[in-house]
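Following: one structure in structure tokens, then a few remarks.
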Amino acid sequence: MSLALVHSRARAGVSAPPVRVEVHLSGGLPSTHIVGLPEAAVRESRDRVRAAILCAQFEFPQRRITVNLAPADLPKDGGRFDLPIALGILAASGQIPREALAEYEFLGELGLTGELRAVDGALPAALAAAAAGRRLIVPSGNGAEAALARQVQAHTARTLLEVCAALSGSKELPPAQALPPQPCSLPDMADVRGQLHARRALEVAAAGNHHLLLIGSPGCGKTLLASRLPGLLPEASETEALESAAVASISGRGLDPTRWRQRPFRSPHHTASAVALVGGGAEPRPGEISLAHRGVLFLDELPEWDRRALEVLREPLESGVVTVSRAARSAEFPARFQLVAAMNPCPCGWAGDPSGRCRCTAENIRRYRARISGPLMERIDLHVEVPRLPPQELRPDAPPGEPTAAVRQRVEQARAIQLQRNGRLNAQLSQPDTMEFCRLQPKDQTLLEDAIERLQLSARSMHRILRVARTIADLADSATILTTHLTEALGYRRVDHCTAAG
């Protein structure tokens, strides 16, 4: 029978659905047809495969060759199917044993010389192959990435000839080897002088995974503070790190296997489009919010962003996922990031500064702040003003701030309390969980209701205040939310009526 079956994996978001590469040889004029919703790069594989097979000193069958990539309704793109197509042709023509293909899955693009070239999405494919109970063969360039999935038996090959020799039993392919991790050097909180209020807000944000907005004049240290947040976060668990690494793997920008355990820190420019933020394209790729999954997304100059780009953040901030829909297909990407935003208080940046240099009118300030919609501001838990420091606090001999290691220890202890209590961080509590775990004393409940009425806040804002108060109580190792915890949480809700009205 001139029929062979080879297992492979497609790319669909961060998942790797199985693809059965079925190759059939029949009589008729020599030709090669690829069916199963292939895109241009896949259709072009017939020429790469033919040249690779001939360069490997195999015979290319002079028959009618039909290659079916099943399931037929799943779009196939890229050169990842070159290797399985070539092996299917060789197996169907009897040049390599068919039965050896059953226990393997194959990925790889072929050069005209038969050399195997790396493809994107090797990590999701390795995780899926492990779940399916098959071994995986990938190009050498993907070996370190595939080895991150410890459950899979992954092997690497440099050429098509090496793969064929291994399937015939005459050669052993080397196992995929993970690269040693490189030490991570993150900025230290000791570099931040003064700014006790902002430092405290950064600690609360890290402890509860809350979103943070820093408001201050140019050069007051907003970017400096934001860059210190990744160092306060506990090391990502293996599951969290694999989720982030899988997104980077399919992004087209590459994954550094030596830094896969580091939490991402993304800082896109304010001219970035909505597609750059959430992802998109004819073949949907993840955007900045997904590349920041399990890490930090820093948006500087928040009012300078296009409003349509900012509005796409609303749903991911709540749900932790983003769905990119296009005419031909849709893809879902994880987006459980921590947002840190920074903005000036007015167009010139000096409103409220003791120097009195601001010359912006009240109307100019109102329009500037109205560029950020009220619903988006509501989704940011902590609003913190960062004042300009006096020169005396910036002298080289001025005392340094508290180091990152000491703050991170308190953050880790607070997170451990939260995970033990409910299995999730406070910022991710559902409404019923918020009502259960963030109960207030009667007098504090009255205080909260008075503040909500006075500031004209929504129910969403009230729940976020309660979650922040719960985090502050956890930092203090308090089983209940006390008045001091609630008042501090209320102090972090800087809601400008002009901004909210926008």
Side-chain angles (χ1 to χ4, degrees), residues 8-17 78 80 105 107-109 117-132 135-156 175-186 209 229-231 233-268 276-279 281 283-298 316 320-322 324 331-338:
S8 186
R9 294 277 166 179
R11 181 181 63 82
V14 291
S15 62
R80 61 198 306 111
E105 294 185 3
L107 287 177
E109 179 183 333
R117 294 172 179 165
V119 297
D120 61 358
L123 177 56
L127 295 170
R135 292 191 279 178
L136 180 67
I137 294 180
V138 295
S140 297
N142 288 126
E145 181 179 331
L148 298 180
R150 299 180 183 179
Q151 304 87 348
V152 72
Q153 288 184 291
H155 301 270
T156 62
Q177 296 287 342
L179 297 177
Q182 292 187 2
C184 176
S185 178
L186 294 175
N209 201 45
L229 180 56
L233 302 177
E235 182 180 348
S237 66
E238 183 171 347
T239 300
E240 292 175 336
L242 284 175
E243 290 176 1
S244 300
V247 175
S249 175
I250 57 98
S251 68
R253 309 179 193 188
L255 166 66
D256 185 353
T258 65
R259 300 181 183 274
W260 71 284
R261 292 301 293 262
Q262 297 179 17
R263 292 187 183 272
F265 179 81
R266 306 293 302 184
S267 180
L277 276 181
V278 302
E283 303 169 8
R285 297 276 185 173
E288 292 290 341
I289 65 174
S290 295
L291 293 171
H293 180 62
R294 300 297 183 184
V296 177
L297 176 68
F298 177 50
V321 296
V322 60
V324 179
E332 185 175 274
F333 301 107
R336 184 69 68 184
F337 60 93
Q338 188 168 357

| task | Answer yes or no: is there a side-chain heavy-atom contact under 4.5 Å between P268 and L277? | result | yes

What's the shortest heavy-atom distance between [X] and [Y], and which atoms?
| X | Y | answer |
| --- | --- | --- |
| V324 | P284 | CG1-CB, 4.2 Å |
| G108 | P139 | CA-CG, 3.7 Å |
| S237 | R261 | C-NH2, 3.7 Å |
| S140 | T156 | CA-CB, 3.9 Å |
| A292 | F337 | O-CB, 3.5 Å |
| V152 | A129 | CG2-CB, 4.1 Å |

To the nearest 0.5 Å, what is the distance between [atom1] on [X] and [atom2] on [Y]?
| X | Y | atom1 | atom2 | value |
| --- | --- | --- | --- | --- |
| F333 | I250 | CZ | CD1 | 4.5 Å |
| L229 | L297 | CG | CG | 11.5 Å |
| Q262 | L233 | CD | CG | 12.5 Å |

Check whether any side-chain N or O of [X] sits under 3.5 Å from a backbone N or O of [Y] as a donor-acceptor pair, and report yes or no.
| X | Y | answer |
| --- | --- | --- |
| R253 | A248 | no |
| S290 | P334 | yes |
| E145 | A122 | yes |
| R80 | R9 | yes |
| S8 | L107 | no |
| R11 | G121 | no |
| R263 | P234 | yes |
| D120 | S251 | no |
| E109 | R117 | no |

| query | Is a salt bridge present between E240 and R336, judged by a nitrogen-to-oxygen distance below 4.0 Å? | reply |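 Answer for the salt bridge query: no.
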
All N/O donor-acceptor pairs, side-chain side in residues 177-186, below 3.5 Å, sequence neighbours left out:
residue	atom	partner	partner atom	Å
Q182	OE1	R259	NH2	2.7

| query | Considering residues at least two apart in sequence or located in another chain, which fulfil the salt bridge (Lys or Arg N to Asp or Glu O under 4.0 Å) criterion with E238? | reply | R150

